[in-house]
Asker: 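Take a look at the following structure, please.
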Number of protein chains: 2
Amino acid sequence: MHVLVVEDDESVASSVMEGLATANLGATLVGSGTEALRSFAELSPDIVLLDLGLPDMDGTDVCRSIRSTSSTPIIILSARDDEIDRVVALEIGADDYLVKPFGMRELIARIRAVVRRSSTVEPESTKSLRNYGPLSIDSRSRRVTLAEVEIYFTPKEFDLLDYLSRDAGAVLRRAEILRNVWETNWYGTTKTLDAHVAAIRRKLGDPGWIVSVRGIGFRFGLPE
Amino acid sequence: MHVLVVEDDESVASSVMEGLATANLGATLVGSGTEALRSFAELSPDIVLLDLGLPDMDGTDVCRSIRSTSSTPIIILSARDDEIDRVVALEIGADDYLVKPFGMRELIARIRAVVRRSSTVEPESTKSLRNYGPLSIDSRSRRVTLAEVEIYFTPKEFDLLDYLSRDAGAVLRRAEILRNVWETNWYGTTKTLDAHVAAIRRKLGDPGWIVSVRGIGFRFGLPE
DNA sequence: CTGGCCTGTGAGGAGACCGTCACAATGAAC
DNA sequence: GTTCATTGTGACGGTCTCCTCACAGGCCAG
């Protein structure tokens, strides 16, 4: 991860650089718009922190210029706190707009949020198609195959299996499962959950796919 | 574009809904966490605006719950203005954090910025001419041929088939289909969708092209 | 060992859902 | 105005889902 910081105010710049270093993010500092564009082309940073008040050119022009050739994330840092400034910045392609003075932890958090969003790699747990040995679960098409044979699951059964399998290996509490799969936190008869687990076990053949953890809930994983 | 708004304060909710309508963004409003999770599952919105102060459950739990199954953008709306709140929200997966009161234009600009960033990958489904085995769908000339033979579809039938086939293999929810093909976010006990699906099936001969997924919606794909 | 609590299982019924159909509303063509 | 294609709606019946209940069996503490 490398951050390009464009900022001419030395005190702001030094605290930002320090904050980035603390968060283990590599960074390069430049103090003008022309330097910014040159460094951007040279470094191909993962994100740009851009001050709007630069000595040589308008910050929005720097932003536009970068946007014309790249979709690298840009976070605007500015002393101006008017809504119209924020709207304009976001409309010309900035990803976020932070008003000075800002906290370092918030800056880091916003950097992470923007980079997380812009890097296309999806985390394993939210992938549409997941495989567990011979078992394959595709949440996009809502189909399950075991050893290449498709097995039909009812809506609730599928939702439950899908939810449990996203956290394969972890014990999930009954209340948590009910909340997330039944989308309500009503704790009626908890036998409903048992009944659906039983149905899934029956269809998967080996009951070891879903293990009961007495007093807590259930755990999904490959049978041993 | 469809926005799910989770907000229990009526005055905030109504101004947000109005702002979204002005910006030509379809929206659904719910006032509790439970409803939020249910509506999220049903509607598959493009973005969620989430108030942290909900009557029935903690907003951060709603955020986490959505994140556990989806990467849909989330913007937090909150009255709390402490840095630590913003940091926590961003770290559990929110994409942005807006402090009340906020301007409508800024909200819209931030929605656009976040959605722009999250939907960079254009799937090939936007292609005008698509082939699925012997079936060929040309959305530019609005013609469909099956085994080189042209089949006539009425406007609505074509729109529906076109929409379903763009996401071949995926299960599309009834509410989502109604929203996108009928351009209304009213969904209830209507047989309209079923009637049109039946008509398409009749014309395609093999009913396997469009499979019903009970309780969810329909899935388009090559018959087995 | 024993009692209490937790879990597994099967049956059953209320209600939800889907396919089909007939018919009404709509609107364009003539 | 008439006609016709298209689209929306509601009723109906068959089927499926899911919640609940009752009972059996297992696990753990005392």
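Naming: A, B, ... by sequence-line order, numbering from 1 per chain.
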Asker: Restricting to pairs with a member in residues 198-217 of chain B, which pass ring-ring contact (aromatic ring centres under 6.0 Å, His included), not counting sequence neighbours?
Answerer: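 For residues 198-217 of chain B, and leaving out neighbouring residues, the ring-ring contact (aromatic ring centres under 6.0 Å, His included) pairs sorted by first residue read Trp209(B)-Phe220(B).
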Asker: I'd like a table of atom pairs between the protein and nucleotides 27-29 of chain C - only N or O on both sides, under 3.5 Å - with the distance next to each one.
Answerer:
none

Asker: With sequence neighbours left out, write down each residue that passes salt bridge (charged side-chain N to carboxylate O under 4.0 Å, His left out) with Glu83(A), or none if nothing qualifies.
Answerer: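 Partners of Glu83(A) under the salt bridge (charged side-chain N to carboxylate O under 4.0 Å, His left out) test: none.
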Asker: Tell me the interatomic distance from Leu178(A), atom CG, to dT7(C), atom P, rounded to whole angstroms.
Answerer: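 For the pair Leu178(A) CG and dT7(C) P, the rounded distance is 12 Å.
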Asker: Report the distance from atom CG of Leu161(A) to atom P of dC18(D), rounded to the nearest whole Å.
Answerer: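 To the nearest whole Å, that distance equals 13 Å.
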Asker: Is the number of heavy atoms from other residues, nucleotides or ligands under 6.0 Å of Arg201(B) CZ greater than 12?
Answerer: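 Enclosed.
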Asker: Specify the residue among Arg214(B) and Arg214(A) whose closest nucleotide of DNA chain D lies further upstream toward the 5′ end.
Answerer: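 The answer here is Arg214(B).
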Asker: Partners of Arg80(B) by salt bridge (charged side-chain N to carboxylate O under 4.0 Å, His left out), sequence neighbours excluded?
Answerer: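 Per chain and number, Arg80(B) pairs via salt bridge (charged side-chain N to carboxylate O under 4.0 Å, His left out) with Asp82(B), Asp85(B).
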Asker: Specify the separation, in whole Å, of atom CD1 of Ile216(A) and atom P of dC28(D).
Answerer: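 Going from CD1 in Ile216(A) over to P in dC28(D) covers 12 Å.
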Asker: What's touching nucleotides 3-7 of chain D from the protein side, N or O pairs under 3.5 Å?
Answerer:
unit_1	atom_1	unit_2	atom_2	d
dT6(D)	OP1	Tyr152(B)	OH	2.5
dT7(D)	OP1	Lys156(B)	N	2.8
dT7(D)	OP2	Thr154(B)	OG1	2.2

Asker: Rounded to whole angstroms, how far apart are CZ on Arg173(A) and P on dT7(C)?
Answerer: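 After rounding, the reported distance stands at 12 Å.
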Asker: Assess whether salt bridge (charged side-chain N to carboxylate O under 4.0 Å, His left out) is satisfied between Arg38(B) and Glu42(B), documenting all intermediate values.
Answerer: CA-CA 6 Å; Arg38(B) 191 173 31 229; Glu42(B) 195 167 354; 5.8 Å; no
Asker: If you measure from the Lys or Arg side-chain nitrogens to the Asp or Glu carboxylate oxygens, is any gap between Arg142(A) and Asp159(A) under 4.0 Å?
Answerer: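 Looking at Arg142(A) and Asp159(A), the cut-off is met.
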Asker: Counting only heavy atoms from other residues, nucleotides and ligands, does the tally under 6.0 Å from CZ of Arg140(A) exceed 12?
Answerer: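 Yes, CZ of Arg140(A) has more than 12 neighbouring heavy atoms, counting only those of other groups under 6.0 Å.
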Asker: Do Lys100(B) and Asp51(B) pass the salt bridge (charged side-chain N to carboxylate O under 4.0 Å, His left out) test, and can you show the C-alpha distance, the side-chain angles, and the key distance before you say yes or no?
Answerer: CA-CA 10 Å; Lys100(B) 300 179 193 173; Asp51(B) 177 25; 3.2 Å; yes
Asker: Does any N or O in the side chain of Asn180(A) come within less than 3.5 Å of the main-chain N or O of Glu176(A), such that one atom is a donor and the other an acceptor?
Answerer: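 It does hold such a pair.
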Asker: Hey, are Asp95(A) and Arg67(A) close enough for a salt bridge, meaning a charged N less than 4.0 Å from a carboxylate O?
Answerer: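 Result for this pair is yes, salt bridge flagged.
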Asker: Assess whether a salt bridge exists between Arg116(A) and Glu91(B), defined as any Lys/Arg side-chain N lying under 4.0 Å from an Asp/Glu carboxylate O.
Answerer: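 Salt bridge: no.
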Asker: Distances under 3.5 Å between protein N/O atoms and the N/O atoms of nucleotides 8-12 of chain C, please, pair by pair.
Answerer:
unit_1	atom_1	unit_2	atom_2	d
dG8(C)	OP1	Arg201(A)	NH1	2.9
dG8(C)	OP1	Arg201(A)	NH2	3.4
dG8(C)	OP1	Ser212(A)	OG	2.3
dG8(C)	OP2	Asp194(A)	OD2	3.1
dG8(C)	N7	Lys191(A)	NZ	2.8
dG8(C)	O6	Lys191(A)	NZ	3.3

Asker: Rounding to an integer number of Å, can you tell me how far Glu42(B) CD sits from dC17(C) C1'?
Answerer: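 So the two atoms are 13 Å apart, to the nearest Å.
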